[in-house]
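First comes the structure, then the notes that go with it.
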Amino acid sequence: MPLNHLIRDGDNPDITEERQKATFSTEELAIEIYGEPLAQRRREISAEVLKRPELLDDCPHVFLDRTTKVENSMKKTVAVMEKGSEICDFTSREELGHLVCEVFGDDGFPLSIHFVMFLPAIQGQADDEQAEQWIPRAMRLEFIGTYAQTELGHGTNLRALETTATYDKRTQEFILHTPTVSAYKWWPGNLGKTANYVIANAQLYIDGKSHGPHNFLVQIRDENTHQPMPGITVGDIGPKFGLNTNDNGFLRFDHVRIPRRNMLMRHSKVSADGVYSPPVHPKLSYGAMIFVRATMIRMLAHVVLKAATIAIRYSCVRRQGEIKTGNGEVKILEYQTQQHRLFTALARGFAYRLVGDEVKNLYEKIAEEVKHGNVEQLADLHALLSGMKSIVSYDSGKAIEQCRMACGGHGYSHASGIPEMYAVEIAGCTYEGENMVMLQQQARYLVKGIHRLAHGEELSTMLQYLANTSNNKFRIGESGVDLENALILALEYIARSTIERVTARLDSLQNKGLSAENAWNENAVELTRASRTHTRLWIARCFRDRVHRIENHAIRSALTDILELFLTYEVVDMSQYLYQGGYANSDQVAQVKDAMYKLLEKIRPNAVSYVDAYEVSDTELRSVLGRRDGNVYDNLLKWAKSNPLNRTEVLPAVEKHLMPMMLAAKSKL
Ligand SMILES: CCCCCCCCCCCCCCCCCCCCCC(=O)SCCNC(=O)CCNC(=O)[C@H](O)C(C)(C)COP(=O)(O)OP(=O)(O)OC[C@H]1O[C@@H](n2cnc3c(N)ncnc32)[C@H](O)[C@@H]1OP(=O)(O)O
Ligand SMILES: Cc1cc2nc3c(=O)[nH]c(=O)nc-3n(C[C@H](O)[C@H](O)[C@H](O)COP(=O)(O)OP(=O)(O)OC[C@H]3O[C@@H](n4cnc5c(N)ncnc54)[C@H](O)[C@@H]3O)c2cc1C
């Protein structure tokens, strides 16, 4: 039995040769990533999807116009909902998530915000009676919901949202109103044409007093006719950089009345006679955002690993140029530059995917505590997720773009699948809190950490390294200190010294009389850097702990190579910080680089097997370059020929416009 279970007849021999070199079982690595029985269930689901034409695209969806894309995705949604339970266990988020990825790819599941934000908002913020009233109906898809928070004028600064929800004691109703154009809800996914209910975030007013933003369940379209309800103006905001199958929408309320019990009341309450009870923590109404920030890490990692799958497989069937003259053209993956681009993307993908599991588990634990009124760990979680969503979205975007460029010209074609992946993934830098803003949310927490330390107060586990001032010299190559430990300590130093430096600067400016706000803004760039270094350290530590827990020796060894590549790359990328304070010298940094280049060589024979083990099917990948069988060129030709522009030899537009011009030019001779 070959160690790579994907070897099949008819595959491109160049890719088969790669699979024969595997030093670990790809099946066992798949089990390590997904767990059992999910690894097997995913394969069964993929095989079932292939048997059902109603779940497959008739043609590559990049050839379709937006209206047809939207219609296709709605048609497939019905097929999934009608037949999906024969294929997968609908109660398993993982299985359903996999089915959705197979059928819709990255771009267009019309129920995504229903499942990812609307339902979680109700689950986390509705009281038991409300949950009982709304969740079963939402789960049965009697209606479709979305999360309408962002407005035309404000997305980041939630305290400035303009939509109002004014309590009318007389009728025991809230009146939802959009007072200005800038108060139009703008961006919510699936709002434009799909949803008939929204969770609307609006400023709560009782007796003329504002109590800040709260969440309200509002019907926006009739459940039977789908026509907008009275007082509602709603539509699609138009084409975007990516995610064009999604109908992100706009929404206006004109004095829309909803029953009092449509305010989500697990944490904040308004009694019938208009008495307001605040939540135990002022930010509990931000719970749905916290959920998405925790969930999106794995989603973003998934996109990086898909892009790496495509670029690594393609780099083994693409031959271009010679390394040694006369020895023939080599697979482009033999070039060190290609390995550096792609294996570091692979390493980030694995790191974010496995750390994403840990983040999800931590979120679930803390969310359960919050549900029961214990908000002790909410600040830690908010800080962690603010940093994680920013680092993972940005660094994943960079990795995907490297994968695209590593495919040369064909990477720029939609046939590669990577341009769409990039467009979808990079949105993660903006949604759920713009990255610069979220990094600064985390920076507040870090600066507080240094102040707590100065006052002799206890630090949370996440920040305890700030107290380790004896870590002041790079220990790479010292006896008794292995590479991993030396690198983690270096990352600790980078984070600690960056946070200390910016905090000292903030304090000194304030001591000189600058206001806290101005001092903050004068240091904002450095604060975001401090936040980045802290998050990158957290990811590195968490990834290392995850790899160390692996029991299967061959799999642990395979992932140790990936871990060490990840650590060396992170340290080299941030090496300028190591020179500050004399922690390291240039010879030591060169040692880290040498270790990194050796790891590229070590990973090279297993490259295809790593991405094979991540097991993304061809159906989901939607990439000619990334095909499992490596038969790229014939299929690129087929793909180009099936393009609608090639349906006629002479385009009607050419006949109508260009030919008369050319004929007229000739007649002038
Ligand atoms: C059944 C199976 C089902 C299967 C399912 C099948 C699966 C299907 C899979 C399908 C695939 C789908 C793919 C599509 C994915 C696309 C999804 C895209 C979705 C995108 C959605 C969005 O895009 S939706 C809008 C997000 N919009 C923001 O994200 C606004 C950012 N803006 C803020 O978030 C606040 O505006 C901001 C800045 C914090 C300031 O808030 P602010 O002014 O109120 O507060 P201050 O800054 O004054 O902070 C005062 C103190 O509050 C602390 N604090 C702040 N927030 C806190 C918090 N959350 N928790 C705790 N503490 C918090 C802070 O740390 C301070 O603490 P301290 O005082 O101790 O320092
Ligand atoms: C694909 C996509 C899907 C989305 N889905 C939804 C959805 O389902 N529901 C929903 O409600 N919303 C949704 N959004 C909206 C999204 O959450 C917001 O766009 C996001 O929170 C950023 O807010 P903004 O657009 O107001 O950006 P702005 O805040 O206007 O950002 C513009 C620039 O100003 C800077 N800036 C702003 N404030 C500060 C500050 N305090 N300090 C420093 N710099 C600052 C930012 O860093 C950025 O560089 C979606 C957006 C996208 C792109």
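Numbering of ligands and ligand atoms starts at 1, following listing order.
Those atoms of ligand 1 that come under 4.0 Å of a heavy atom in Gln149, given as number and element, are 25 (C), 26 (C), 27 (N), 28 (C), 30 (C). Heavy-atom contacts of Gln149 reach the following atoms of ligand 2: 11 (O) (cutoff under 4.0 Å). The His281 neighbourhood of ligand 1 comprises atoms 61 (C), 62 (N), with distances under 4.0 Å to a heavy atom of that residue.
With ring centers used as reference points, Tyr197 lies 6.0 Å or more from Phe118.
In terms of protein heavy atoms, atom 25 (O) of ligand 2 is closest to Gly155 CA, 4.7 Å.
Not a single protein heavy atom sits closer than 4.0 Å to atom 32 (C) of ligand 2.
By the 4.0 Å N-to-carboxylate-O rule, Glu368 lies too far from Lys371 to be salt-bridged with it. Taking the charged nitrogens against the carboxylate oxygens, Lys76 and Glu71 have no contact shorter than 4.0 Å, which rules out a salt bridge.
Residue contacts with ligand 1: Gly433 is placed with a nitrogen or oxygen under 3.5 Å of a nitrogen or oxygen of the ligand (distance criterion only).
Within the 4.0 Å heavy-atom criterion, the part of Asn248 lying near ligand 2 is the side chain and not the backbone. Of all the heavy atoms of Met117, none lies under 4.0 Å from any atom of ligand 2, so neither backbone nor side chain is involved. Here Ile290 has side-chain heavy atoms under 4.0 Å from ligand 1, and that is the only part of it that gets that close. Of all the heavy atoms of Leu191, none lies under 4.0 Å from any atom of ligand 2, so neither backbone nor side chain is involved. With a 4.0 Å heavy-atom cut-off, ligand 1 is reached by the backbone of Glu432 and by its side chain too. Residue-level proximity to ligand 1 for Gln377 is absent, since no heavy atom of it falls below 4.0 angstrom. Residue-level proximity to ligand 1 for Met117 is carried by the side chain, the only part with a heavy atom below 4.0 angstrom.
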